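In what follows, chains carry the letters A, B, and so on, assigned in the order in which the sequence lines appear, proteins first and then strands, with residues in each chain numbered from 1. Every value quoted in this text rests on a predicted model; they were computed, and no experiment measured them.
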Number of protein chains: 2
Amino acid sequence: METAQKILNSAEALIQKHGFSGFSFQDIADEIGIRKASIHYHYPAKADLGRAVIQRYRTRMAEVGNSLDLKEDGLNHWQALALYLEPIVQLGRTPGHACLCGVLGGEYLSLPDAMQAEIAGYFDEQITWLTDLLDSGRAAGAFRFHGSAGEMARLLFGAIEGGLLIKRTTGDIEFIDRILTTAQALLGGEP
Amino acid sequence: METAQKILNSAEALIQKHGFSGFSFQDIADEIGIRKASIHYHYPAKADLGRAVIQRYRTRMAEVGNSLDLKEDGLNHWQALALYLEPIVQLGRTPGHACLCGVLGGEYLSLPDAMQAEIAGYFDEQITWLTDLLDSGRAAGAFRFHGSAGEMARLLFGAIEGGLLIKRTTGDIEFIDRILTTAQALLGGEP
DNA sequence: GTCTATACAAAGATAGAC
DNA sequence: GTCTATCTTTGTATAGAC
């Protein structure tokens with residue numbers, strides 16, 4: 001694997017565990033077996049590395065939703081929702097893991113501008129996608145709920161982000177599953 | 001004011017902005033006008049200060065709910081819920097602010113044990129309290145919702161914690177208000 | 001209780017050899 | 001591309017005078 005990729009992978013895992021100001025180039029160097037000075041060749045400053053990590057994460061997560069074409073794939077809205085939630089369930093079941101951007105939300109105000117922009121973009125993108133799904137799903141008669149789709153999407157996405165942080169402190173491996181089950185019930189799932 | 005109190009106040013604000021590993025004794029010293037060495041007299045190590053900050057926050061927030069005696073104060077469940085949510089609404093409307101424990105959830109895995117215990121205790125306490133309110137409120141006919149009160153409390157509290165983090169990145173001052181309005185509708189508020 | 005002074009480790013980053 | 005070596009700043013923490 002390319003060194004740049006190894007660095008990204010290592011940095012992503014370290015940020016999830018310790019936050020941005022909680023990991024160092026030395027940590028990465030130790031993990032992948034190079035010297036910390038070598039990291040600067042690929043990412044001149046720590047802010048550059050941070051931005052690249054979030055950018056990749058953001059793209060990866062956006063593709064989950066964007067790759068779902070309801071008509072072409074013959075999916076109903078419930079199936080699309082389940083596929084969208086799949087990576088989140090995985091994070092929820094893996095001890096110690098959380099959403100990268102949720103973690104970085106804690107230190108948001110002291111992060112470099114480029115990183116802030118990526119994080120804000122991620123949240124905005126995710127909420128917009130979920131809003132659209134809820135909206136069209138309700139119009140199609142699949143989901144049933146009161147109020148605006150946007151508000152419901154904000155509540156549900158907030159619950160996911162918050163839940164992924166809280167579950168790490170409880171050690172309850174099913175914390176997220178329960179939240180998602182409840183969320184699906186709110187959309188008219190199995191009442 | 002006592003120096004120890006000034007230190008706590010400063011530390012709490014700094015943690016909310018920059019996270020635990022993102023602030024230093026120097027930051028506090030600058031804010032309250034003493035030398036950083038003096039801080040060690042009140043809190044020997046940074047971990048001691050961190051634990052004290054969370055402990056105070058946890059107690060303060062627990063008292064919000066525990067001070068509400070429905071029978072004695074002649075409150076109905078909706079009023080109790082509104083009073084419980086009041087401090088959260090305040091956080092939501094103050095730019096840059098978030099829940100202290102939500103912020104620290106991002107760096108949870110690298111925090112000292114004593115701090116982890118306080119954070120986990122805070123989440124547990126809050127969810128338990130909310131669960132009880134939802135449970136008794138439904139029994140009293142005030143709230144209407146399907147499923148277990150505990151699951152609903154986890155979803156709602158997760159949405160609060162996640163929402164308080166996300167709203168800092170959007171600058172939307174009404175982000176939390178909208179989530180709470182939606183949450184109240186889910187409990188059978190104004191359908 | 002607060003100060004000066006200092007020890008010590010670790011951080012981000014750069015220069016230049018290979 | 002990666003290395004060694006080094007610079008500079010900042011961090012936590014302690015000792016001892018006042």
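Put simply, the residue from B:Tyr122, B:Phe157, B:Tyr84 that forms a ring-ring contact (aromatic ring centres under 6.0 Å, His included) with B:Trp129 is B:Tyr84. The side-chain contact (heavy atoms from CB on, under 4.5 Å) test with A:Val103 singles out one residue from A:Arg168, A:His18, A:Lys17, and that residue is A:Arg168. Between A:Leu180 and the choices A:Leu156, A:Leu85, A:Leu81, the side-chain contact (heavy atoms from CB on, under 4.5 Å) rule is met once, by A:Leu85. The residue from B:Leu165, B:Thr169, B:Ile166 that alone fulfils the side-chain contact (heavy atoms from CB on, under 4.5 Å) condition with A:Tyr108 is B:Thr169.
Here the nucleotide nearest the side chain of B:Ala37, chosen from C:dT2, C:dT4, C:dG12, is C:dT4. Comparing D:dA13, C:dA11, C:dT2 by their nearest atom to the side chain of A:Lys36 picks out C:dA11. If you check C:dG1, D:dA13, C:dG12 against the side chain of A:Lys46, the one that comes closest is C:dG12. Out of C:dG12, D:dT2, C:dA11, the shortest distance to the side chain of A:Thr3 is found at D:dT2. Of the candidates C:dA11, C:dT4, D:dA13, C:dA11 carries the atom nearest the A:Gln26 side chain, counting heavy atoms from C-beta on.
In this structure, A:Tyr43 reaches neither bases nor backbone, as no heavy-atom distance under 4.0 Å exists between it and the strands shown. Residue contacts shown for A:Phe25 are limited to sugar-phosphate atoms, with no base heavy atom under 4.0 Å away.
Rounding to whole angstrom units, CG of residue B:Asp30 and C1' of D:dT10 are separated by 13 Å. Rounded to an integer number of Å, the gap from OH of A:Tyr41 to C1' of C:dT14 is 16 Å. Atom CD1 in A:Ile34 sits roughly 6 Å away from atom P in D:dC3 (whole-Å rounding). The nearest whole Å value for the distance from the NZ atom in B:Lys6 to the C1' atom in C:dT2 is 13 Å. Atom-to-atom, CZ of A:Arg35 to C1' of C:dG12 comes out at 17 Å; the value is rounded to the nearest Å. Regarding A:His42, its NE2 atom lies at a distance of 7 Å from the P atom of D:dG1, rounded to whole Å. The interatomic distance linking A:Ile28 (CD1) with D:dT2 (P) rounds to 13 Å, in whole Å. Regarding B:Ile7, its CD1 atom lies at a distance of 11 Å from the P atom of C:dG1, rounded to whole Å.
Of the side-chain N and O atoms in A:His40, none sit less than 4.0 angstrom from OP1 or OP2 of C:dA15. Considering only side-chain N and O atoms, B:Ser24 lies nowhere under 4.0 angstrom from the phosphate OP1 or OP2 of D:dT10.
Both the sub-6.0 Å distance and the 45° axial angle are not jointly satisfied by A:Lys167 relative to the ring of B:Phe123.
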